[in-house]
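Below, chain A is the first sequence line, B the second, and so on; all start at residue 1.
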Protein chains: 2
Amino acid sequence: MDQNASVNDLIVHRGKEYTCGIDVTLAVVGGKWKASILWHLAQETMRFSELQRQFSETTRKMLTQQLRELEADGLVHRKIYPQVPPKVEYSLTDKGRSIYPVLDMMCEWAKEHLQDEISG
Amino acid sequence: MDQNASVNDLIVHRGKEYTCGIDVTLAVVGGKWKASILWHLAQETMRFSELQRQFSETTRKMLTQQLRELEADGLVHRKIYPQVPPKVEYSLTDKGRSIYPVLDMMCEWAKEHLQDEISG
DNA sequence: CTGTATCCCGGGGGATACTG
DNA sequence: CAGTATCCCCCGGGATACAG
């Protein structure tokens, strides 16, 4: 293969190739509940049941799935307390925290440029 | 209506309510090809056929659909030249350009924090 | 409490053909 | 050239039940 065409941008993530970093970031935080999950975990470590309450519109299955993917991507840490009944805490890793400014910027952009659509 | 509980964040977009700006932004740019389309259009105005070449992996249908949604969201301008054969040019609106820094940040985050996954 | 396993439905999105 | 229209398949994700 060729050696120094070597990619300004080619990134492999979870077996898929991306030519643009944006798409990778979207793959990581673009899931249906991921951004909100990260947003909440940025405030505080939460137990699974707390997340369930926060995201009462979704199912355990989806919540678990999104958390597992975030964990696999190294954004979320899952701490299991070996006790009965089980206790599991979710928190952000450094990598997870590092994406906060991006999320914040997305939030600000929405507020600024979609403000006309704010109900009131 | 209620006075100053008034929403830190409640935004209505395309008939859906969002409690978080992030999700609205994702609704706008999170579509399968939208971010890349915006990215390319930020460089230059492009005709439909040029976009087709750039996004040869997708179909006319999807490309059209994504462009229509971006247009409806006011990020992309569609200029039709009334001639035969037809000529249509797509470009960014001010609003479309305003999201560039966000996309750029997403790109940078991916490069910094997923660098270990860069193939080489 | 914190999950998995299973079933099942709707819609996103591809392939293809048609049109102004 | 720049699209629609149609068909159809796949799988994301909801509901529900079971499990350690």
Rounded to whole Å, CD of A:Gln66 lies from C1' of D:dG12 at a distance of 10 Å
A:Ser98 and A:Pro101 have their tightest heavy-atom pair at O-CD, 3.3 Å
The correct set of residues in residues 37-58 of chain B placing a heavy atom under 4.0 Å from DNA chain D is B:Arg47, B:Phe48, B:Ser49
When rounded to whole Å, the NZ to P distance for the pair A:Lys34 and D:dG13 reads 10 Å
Between B:Thr93 (side chain) and B:His77 (backbone), is there a donor-acceptor pair under 3.5 Å?
no
Sorted by chain and number, sequence neighbours left out, salt bridge (charged side-chain N to carboxylate O under 4.0 Å, His left out) with B:Glu108 holds for B:Lys111
- [ ] Apply side chain to side chain contact (heavy atoms under 4.5 Å, CB included) to the pair B:Glu89 and B:Lys87, showing each step before the final yes or no.
- [x] CA-CA 7 Å; B:Glu89 279 183 352; B:Lys87 173 178 174 181; 3.6 Å; yes
A:Glu69 CD to D:dG13 C1', in whole Å, measures 12 Å
Worksheet item: Are A:Ile22 and A:Tyr100 co-members of a hydrophobic cluster defined by side-chain heavy atoms under 4.5 Å apart?
Response: yes
Side-chain N or O of B:Lys87 versus OP1/OP2 of D:dG3: is the shortest distance under 4.0 Å? no
When rounded to whole Å, the CD to C1' distance for the pair B:Gln65 and C:dG13 reads 8 Å
To the nearest 0.5 Å, atom CD1 of A:Ile11 lies from atom NE2 of A:His13 at 9.5 Å
Here the distance between atom C1' of C:dA15 and atom CE of B:Met62, to the nearest Å, is 13 Å
Give each protein N/O atom lying under 3.5 Å from an N/O atom of nucleotides 4-11 of chain C, with the pair distance.
{"from": "C:dT4", "atom 1": "OP1", "to": "A:Arg68", "atom 2": "NH2", "distance (Å)": "3.3"}

Looking only at D:dC1, D:dA15, C:dC1, the nucleotide nearest the B:Pro86 side chain is D:dC1
Name the atoms and distances for all side-chain donor-acceptor pairs under 3.5 Å in residues 24-50 of chain B, with sequence neighbours left out.
{"from": "B:Thr25", "atom 1": "OG1", "to": "A:Met106", "atom 2": "O", "distance (Å)": "2.7"}
{"from": "B:Thr25", "atom 1": "OG1", "to": "B:Gly21", "atom 2": "O", "distance (Å)": "3.2"}
{"from": "B:Trp33", "atom 1": "NE1", "to": "B:Thr58", "atom 2": "OG1", "distance (Å)": "3.4"}
{"from": "B:Lys34", "atom 1": "NZ", "to": "B:Glu69", "atom 2": "OE1", "distance (Å)": "2.6"}
{"from": "B:Ser36", "atom 1": "OG", "to": "A:Asp23", "atom 2": "OD2", "distance (Å)": "3.0"}
{"from": "B:Gln43", "atom 1": "NE2", "to": "B:Trp39", "atom 2": "O", "distance (Å)": "3.1"}
{"from": "B:Glu50", "atom 1": "OE1", "to": "B:Arg47", "atom 2": "N", "distance (Å)": "2.7"}

To the nearest 10 degrees, the angle between the two end axes of the helix from C:dC1-D:dG20 to C:dG20-D:dC1 (five pairs per end) comes to 50°
- Query: When you check the phosphate oxygens OP1 and OP2 of D:dC1, does a side-chain N or O of B:Tyr90 lie under 4.0 Å from one of them?
  - Reply: no
Judged by nearest nucleotide, the residue sitting upstream toward the 5' end of DNA chain C, A:Pro85 or B:Trp33, is A:Pro85
Pair B:Leu63, B:Gln52 - check side chain to side chain contact (heavy atoms under 4.5 Å, CB included), show working.
CA-CA 8 Å; B:Leu63 203 48; B:Gln52 273 194 272; 3.9 Å; yes
* To do: Is it possible for you to say whether B:Ile80 and B:Tyr90 belong to one hydrophobic cluster, with membership spreading through side-chain heavy-atom contacts below 4.5 Å?
  => yes
By nearest-nucleotide position on DNA chain D, the 5'-leaning member of A:Lys32 and B:Glu89 is B:Glu89
Residues at least two apart in sequence or cross-chain that pass salt bridge (charged side-chain N to carboxylate O under 4.0 Å, His left out) with A:Arg78, listed by chain then number, are none
Here the distance between atom C1' of D:dC1 and atom CG of B:Leu63, to the nearest Å, is 13 Å
Review point. Between the main-chain N or O of B:Asp73 and the side-chain N or O of B:Lys95, is there a donor-acceptor pair closer than 3.5 Å?
Key: yes
